[in-house]
Amino acid sequence: MNKYQSNYNNELIGLISIISVLKHHKEMSLGKVLLILPFFSHGNTLNLLKSKRVKIRSLEEFIVKYPSSFSSFNDRYYSLLTTSLNSIILLKRMQLIIITKGQVSVKEDFNFEIENKSLGKRAKEIVQASQNLSEILMESTHNLYLQLRVKI
């Protein structure tokens, strides 16, 4: 088992991560959805994204200000790719998302309480960070992968 894929970064965390960002973004490409869990799986990055004191206007600014948060992004991406895909499959089977022509969106009759306290502290932190990450993910998919140096 690799260092990012563990019980700490499991499909439920992936599901909560994806759905919390999609609630802000409404619709995004599958490529962008696959970037969500690698952001939230890194403790320092999650802390920065959930902080009310840190204002992040773009991915480029985020990388320049906090380069240590991105030094292992490519490794996190590939280590969590299976978990991200499994989370997407679960969301689809739970009928919480729609996937059409490579675009992922939340179903209108969405009925999953992501802010439920019983999901735990980590889920709460992810929900708090989701607004900032959704704003970062507004850039084009191609540009995001290029800046994050994900090797395809």
Euclidean distance, [Y] [atom2] relative to [X] [atom1], rounded to 0.5 Å:
X: I18; Y: I13; atom1: CD1; atom2: CD1; value: 11.5 Å
X: L15; Y: T83; atom1: CG; atom2: OG1; value: 12.0 Å
X: L30; Y: S84; atom1: CG; atom2: OG; value: 10.0 Å
X: L80; Y: N86; atom1: CG; atom2: CG; value: 11.5 Å
X: L46; Y: S130; atom1: CG; atom2: OG; value: 10.5 Å
X: L37; Y: E11; atom1: CG; atom2: CD; value: 9.0 Å

Flag yes if [X] and [Y] sit in one hydrophobic cluster, no otherwise; membership is Ile, Leu, Val, Met, Phe, Trp, Tyr, and two members link when side-chain heavy atoms are under 4.5 Å apart.
X: I89; Y: L12; result: no
X: M138; Y: F39; result: no
X: I98; Y: M94; result: no

Side-chain donor or acceptor of [X] paired with backbone N/O of [Y] under 3.5 Å:
X: H25; Y: M28; answer: no
X: S79; Y: R76; answer: no
X: S51; Y: N47; answer: no

Kindly write out the residues that satisfy side-chain contact (heavy atoms from CB on, under 4.5 Å) with K92, not counting sequence neighbours, or none if the list is empty.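 Result, side-chain contact (heavy atoms from CB on, under 4.5 Å) vs K92: I97, I99.
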Report yes if some heavy atom in the side chain of [X] is under 4.5 Å from a heavy atom in the side chain of [Y]; otherwise report no.
X: S69; Y: H42; value: yes
X: L34; Y: L85; value: yes
X: I136; Y: L49; value: yes
X: L137; Y: I36; value: yes

Nearest heavy-atom approach of S41 to P38 is OG-O, 3.2 Å
Of all the heavy-atom pairs spanning Q95 and K107, show the shortest one and how long it is. O-CD, 2.9 Å
Would F40 and V21 satisfy side chain to side chain contact (heavy atoms under 4.5 Å, CB included), going step by step from the backbone distance to the final call? CA-CA 11 Å; F40 289 154; V21 173; 3.9 Å; yes
Between K26 and L22, is a side chain to side chain contact (heavy atoms under 4.5 Å, CB included) present by the stated rule, with each step listed? CA-CA 5 Å; K26 304 300 179 215; L22 277 173; over 6 Å; no
Could you work out, with side chain to side chain donor-acceptor pair (under 3.5 Å) as the rule, every residue matching S29, not counting sequence neighbours? T141
Residues forming a ring pair (Phe, Tyr, Trp, His ring centres under 6.0 Å) with F62, sequence neighbours excluded: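 Checked F62 against ring pair (Phe, Tyr, Trp, His ring centres under 6.0 Å); matches are Y66, F70.
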May I have the list of side-chain donor-acceptor pairs in residues 144-152 shorter than 3.5 Å, sequence neighbours left out?
{"from": "Y145", "atom 1": "OH", "to": "G31", "atom 2": "O", "distance (Å)": "2.6"}
{"from": "Y145", "atom 1": "OH", "to": "Y77", "atom 2": "OH", "distance (Å)": "3.1"}
{"from": "Q147", "atom 1": "OE1", "to": "E60", "atom 2": "N", "distance (Å)": "3.1"}
{"from": "Q147", "atom 1": "NE2", "to": "E139", "atom 2": "OE1", "distance (Å)": "2.9"}
{"from": "Q147", "atom 1": "NE2", "to": "N143", "atom 2": "OD1", "distance (Å)": "3.3"}

What residue pairs, at least two apart or across chains, pass salt bridge (charged side-chain N to carboxylate O under 4.0 Å, His left out) with a residue in residues 29-55? K50-E125
Could you list all the salt bridge (charged side-chain N to carboxylate O under 4.0 Å, His left out) pairs where at least one residue sits in residues 64-73, not counting sequence neighbours?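 As it turns out, the salt bridge (charged side-chain N to carboxylate O under 4.0 Å, His left out) pairs with a partner in residues 64-73, which skip direct neighbours, are E61-K65.
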